[in-house]
Number of protein chains: 2
Amino acid sequence: MTDQNIKIAVDAIVFGYEKGMLYVLAVQQRFGKLADRWVLPGGFILNDEPLLMAVERELKEEAGITVNYLEQLGTFGDDVNRDERFRVISVAYFALVNPKNFVLKADTDAKDAKWFPVTGIPQLGYDHNEMVNLAHQRLKSKLTYQPIGFDLLDQEFLFSDLENLYCSILERDIDRRNFRKKILSFGIVTETDKVVKIGASGRPGKLFTFDKEKYNQLLKENFQFDIRFA
Amino acid sequence: MTDQNIKIAVDAIVFGYEKGMLYVLAVQQRFGKLADRWVLPGGFILNDEPLLMAVERELKEEAGITVNYLEQLGTFGDDVNRDERFRVISVAYFALVNPKNFVLKADTDAKDAKWFPVTGIPQLGYDHNEMVNLAHQRLKSKLTYQPIGFDLLDQEFLFSDLENLYCSILERDIDRRNFRKKILSFGIVTETDKVVKIGASGRPGKLFTFDKEKYNQLLKENFQFDIRFA
DNA sequence: TAACTTTGTGTTGTTTTAACACAAATTAGA
DNA sequence: TCTAATTTGTGTTAAAACAACACAAAGTTA
């Protein structure tokens, strides 16, 4: 069975959130059969390179970013005719980043890198749209049982930012008071003493931070983050 | 990047349940560096073979079984020195089967195939113990939010069978009355009119079946299976 | 026939969730 | 500078879900 003619790639579905909108990062291919087509950032792994490292490298190379959260999503390999020369199997990774932290810059293989709103993703090369859909579902469900929303926000945020993030990603209304009560009851979000006004008008609000250490500590005591409410 | 020297394999973590005990299927290698060592069933995929098919083929070949449930678990590939000739990346699959339905028979590459209790799994080759641990966690958590326990039981089962399955896999006590109430409230478990006594003594019980069609129908109506209770 | 085993069944107090409104701090504009 | 508009901040209550709990019925074994 060593006559296998298959190559392994990694691809990343990177989500970014800004002003109530959820975005996915795509890059425009410079070379190859799909030159000029938009695809997910990614590429072939090196012989002695761990998978996670390969993703991080590609994200750095193709878009100039370092993500806040990264986990394996799944492996896609049944698109046998993706490339003429050999079959390609791709390990897809799910990633979260705060777009404000970076200026996208396409470096090596990529001609351009761009944020697309999840609601308006163009037809991507390969089976990348399928990957995006799966990742999007993963984001939605994970938001309810793991505190990953914070990886999309600034380190210091208004409570309304967090609330809007949940509303817009989960696409439903949330009772502001119940939401606040629930989140605060976990004890993993800390109120700072900074008060700011960000929007055009309205009462200034306090800034909050996510206390990751507290969360990790609670995890050991069998704490279960869970936001499923009206 | 086409000088990649990496081969792709699939491996399966197959769980079986019988009389209150949870088992994992392992096979004994006949050839190669790890001859005689126990490993998970699996092997290299063929050039034009979808991943899922490869797993099913290997399970058939190496142990003579067809599983009830099969899903991708994750891809393991950082054990760069698993094989001297090339790096191997393995896509692990999570599977459930009712051991009663099959007689294990090692066919081609495997010298033997055997059920090991999860509590007493020997040291397996490669990074297979790590895969088993991850799969075991997946089983435990999935049991609470997806009705997969039925794939481990006979088609017709006593309520106490289901209850014992949950108790033993989740390793905790369950209130028999609350459990029954909750499960029945979903409406996905149907009472048959058959009454049997199976154990040595005691009052005979009714047999139940899992109504998969009803479940699929409920899924469309946003039903959420969920068993998390005392 | 008495002791043992397993199935089957309801009620109640406690906890969690859902629904709901108004005052305080600020800006914008008349 | 006053009024309208905007955003933050805060408690209560009714309804639903959950947890805890015991005893009778149907069979087997000794």
Side-chain angles (χ1 to χ4, degrees), chain A residues 19-20 143-145 153-154 156-168 170-209 218 222-230, chain B residues 19-20 143-145 153-154 156-168 170-209 218 222-230:
Chain A
K19 299 199 190 90
L143 213 48
T144 67
Y145 64 87
L153 291 176
D154 292 345
E156 296 186 315
F157 52 86
L158 292 170
F159 227 98
S160 55
D161 293 334
L162 187 62
E163 187 199 319
N164 289 330
L165 185 147
Y166 271 84
C167 284
S168 59
L170 298 181
E171 295 171 292
R172 61 199 178 93
D173 288 346
I174 288 177
D175 182 283
R176 208 155 50 90
R177 279 174 290 186
N178 291 339
F179 180 76
R180 189 178 178 122
K181 235 181 304 176
K182 184 78 170 260
I183 293 277
L184 288 177
S185 76
F186 295 148
I188 58 178
V189 165
T190 317
E191 183 176 316
T192 69
D193 49 2
K194 296 182 196 158
V195 174
V196 292
K197 55 186 181 311
I198 288 185
S201 74
R203 174 174 171 174
K206 291 196 186 118
L207 288 175
F208 293 80
T209 58
L218 285 172
N222 260 357
F223 167 72
Q224 173 67 315
F225 179 87
D226 195 0
I227 299 274
R228 301 215 285 280
F229 44 76
Chain B
K19 301 200 191 88
L143 213 49
T144 67
Y145 65 87
L153 291 177
D154 292 345
E156 297 186 313
F157 52 86
L158 292 170
F159 227 99
S160 55
D161 293 334
L162 187 62
E163 187 200 319
N164 289 328
L165 185 147
Y166 272 84
C167 285
S168 59
L170 298 181
E171 294 171 293
R172 60 196 178 95
D173 287 345
I174 288 178
D175 182 283
R176 207 154 51 88
R177 279 174 290 188
N178 291 338
F179 179 77
R180 188 179 179 122
K181 236 181 302 176
K182 183 78 172 261
I183 294 277
L184 288 176
S185 76
F186 296 148
I188 57 179
V189 165
T190 317
E191 183 176 317
T192 68
D193 50 3
K194 296 182 199 159
V195 173
V196 292
K197 55 185 181 311
I198 289 186
S201 74
R203 174 172 171 174
K206 291 197 187 118
L207 289 175
F208 293 80
T209 59
L218 285 172
N222 261 358
F223 167 71
Q224 174 67 313
F225 180 87
D226 195 2
I227 299 273
R228 299 216 286 280
F229 44 76

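Basis for what follows: all heavy atoms, side chains included, without hydrogens, waters or symmetry-related copies. In the text below, chain A, chain B and the rest are named by the order of the sequence lines, each starting its count at 1.
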> In the structure I gave you, are the side-chain heavy atoms of A:Phe208 and A:Leu153 within less than 4.5 Å of one another anywhere?
no

> Round to the nearest Å and state the distance from A:Leu184 atom CG to D:dT8 atom P.
14 Å

> Measure CG/A:Asn178 against P/C:dT16 and give the value in whole Å, please.
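After rounding, the reported distance stands at 14 Å.
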
> If each of B:Pro204 and A:Phe208 is mapped to the nucleotide of DNA chain D with the nearest heavy atom, which maps nearer the 5' terminus, i.e. the 5' end?
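On the 5' side of the pair lies A:Phe208.
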
> Okay, side chain of A:Tyr145, backbone of A:Gln224: is any donor-acceptor separation there less than 3.5 Å?
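No; judged by distance alone, with no hydrogens or angles, the pair does not exist.
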
> Check the phosphate of C:dT17 against A:Lys182, side-chain N and O only, distance under 4.0 Å to OP1 or OP2. Yes or no?
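Affirmative; the distance criterion is met.
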
> When the distance from CG of B:Leu207 to C1' of C:dT7 is rounded to whole Å, what number comes out?
13 Å

> Of A:Lys197 and A:Arg176, whose closest DNA chain C nucleotide lies nearer the 5' terminus?
A:Arg176

> Does D:dG9 have its OP1 or OP2 closer than 4.0 Å to a side-chain nitrogen or oxygen of A:Arg180?
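So the side chain of A:Arg180 is within the cut-off, an N or O lying under 4.0 Å from OP1 or OP2 of D:dG9.
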
> Please compare A:Arg203 and B:Lys206 by the position of their nearest nucleotide in DNA chain C and report the one closer to 5'.
B:Lys206

> Answer yes or no: is there a side-chain heavy-atom contact under 4.5 Å between B:Ile174 and B:Lys182?
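Not touching, per the 4.5 Å side-chain cut-off.
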
> Mapping A:Phe159 and A:Ser201 onto DNA chain D by nearest heavy atom, which one lands closer to the 5' end?
A:Ser201

> In whole Å, I'd like the distance from the NZ atom of A:Lys181 to the P atom of C:dT15.
16 Å

> Expressed as a whole number of angstroms, how long is the span from B:Phe229:CZ to D:dA16:C1'?
18 Å

> Are A:Leu207 and A:Leu158 close enough that some pair of their side-chain heavy atoms sits under 4.5 Å apart?
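Heavy-atom side-chain distance check passes, below 4.5 Å.
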
> Send over the distance from A:Phe179 CZ to D:dT10 P, rounded to a whole Å.
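It works out to 15 Å between those atoms.
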
> Assign the ring pair A:Phe186 / A:Phe225 to parallel, tilted or perpendicular, where the plane angle (0 to 90°) is split at 30° and 60°.
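The rings of A:Phe186 and A:Phe225 sit tilted, inter-plane angle from 30° to 60°.
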
> Rounded to whole angstrom units, what separation is found between the CD atom of B:Glu163 and the P atom of C:dT6?
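In whole Å, C:dT6 P lies 12 Å from B:Glu163 CD.
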
> Let's test your reading of the model: under 3.5 Å, does the base of D:dG9 pair with the side chain of A:Arg177 as donor and acceptor?
no

> Tell me the interatomic distance from B:Leu158, atom CG, to C:dT5, atom P, rounded to whole angstroms.
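Roughly 18 Å, once rounded to whole Å.
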
